[in-house]
Amino acid sequence: MDPTIILMLGLVVVLIFFMFRNGKKRQAAQQEMQNNMRPGVEVMLQGGIFGTVLSIDDEENRVTLQSGTSSMVVHRNAIVQIVTPVDAPAFEGADADLAPDDDPAFGERVAEELAAPADSTDSPNPTVECQQIPIQQILTERVTKRPRRRSRLP
């Protein structure tokens, strides 16, 4: 047999292997989500509607959801994602993990940098001295240094 045919067949076999592997992973994730679904869980439907599971009918594959003030019955496969599982602990101490609100007021940070002495050894970000060139000088240099176009006529 030709080596290119063997290589092509090998690539096809590898492709089929990965297709089956990814399909099994998706099925396992779907099955795990279906097993974790029980009343009180907040879920998201395919259309992006969020709701809380009220009851599950395994025989009919229907789920009763409450979204806001209304309730609806949907097919079990319409649920895409479990947003908050029932067993998840309530998040307490939200203020403990947040960064303090000590952002400087507008212009305050700049004023502090200007007031501090410019010592490049202590500062993690040393300042760079820049030469200020008037805009008129830049424009005249661009006009005078522009390359001339050559005509294409002989």
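All residue numbers refer to positions in the sequence shown, counting from 1. Since we're looking at a predicted model, the values are computed, not measured.
- Side-chain contact between T64 and V53: absent, with no pair of heavy atoms (C-beta onward) separated by less than 4.5 Å.
- Criterion: ILVMFWY side-chain heavy atoms under 4.5 Å apart, direct or through other members. Under it, L11 and V14 are not part of a common hydrophobic cluster.
- Note: the hydrophobic cluster containing V41 also contains I49 (ILVMFWY, side chain heavy atoms under 4.5 Å, direct or indirect links).
- Considering D2, L7, I6 as possible partners of T4, the one that fulfils the side-chain contact (heavy atoms from CB on, under 4.5 Å) test is D2.
- Atom CE in M44 sits 12.5 Å away from atom OG in S67 (nearest 0.5 Å).
- Residues D57 and R76 are not paired through a salt bridge, judged by the lack of any N-O separation under 4.0 Å between the basic side chain and the carboxylate.
- V80 is not connected to M37 by any chain of hydrophobic side-chain contacts under 4.5 Å among Ile, Leu, Val, Met, Phe, Trp and Tyr, and they are in different clusters.
- Follow the hydrophobic side-chain contacts under 4.5 Å out from I82 and you reach M72 in the same cluster.
- With rounding to the nearest 0.5 Å, the separation of NZ in K25 from CZ in F18 is 9.0 Å.
- The neighbour count for M8 CE, taken as heavy atoms of other residues, nucleotides or ligands under 6.0 Å away, does not exceed 12.
- In this structure the side chain of Q34 reaches within 4.5 angstrom of the side chain of N77, judged on heavy atoms.
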- request: Check step by step if side-chain contact (heavy atoms from CB on, under 4.5 Å) holds for I79 and L45.
  value: CA-CA 4 Å; I79 297 173; L45 299 178; 3.7 Å; yes
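- Taking both residues in full, the closest heavy atoms of N61 and D58 are given as OD1-O, 3.4 Å, listed atom of the first, atom of the second, then distance.
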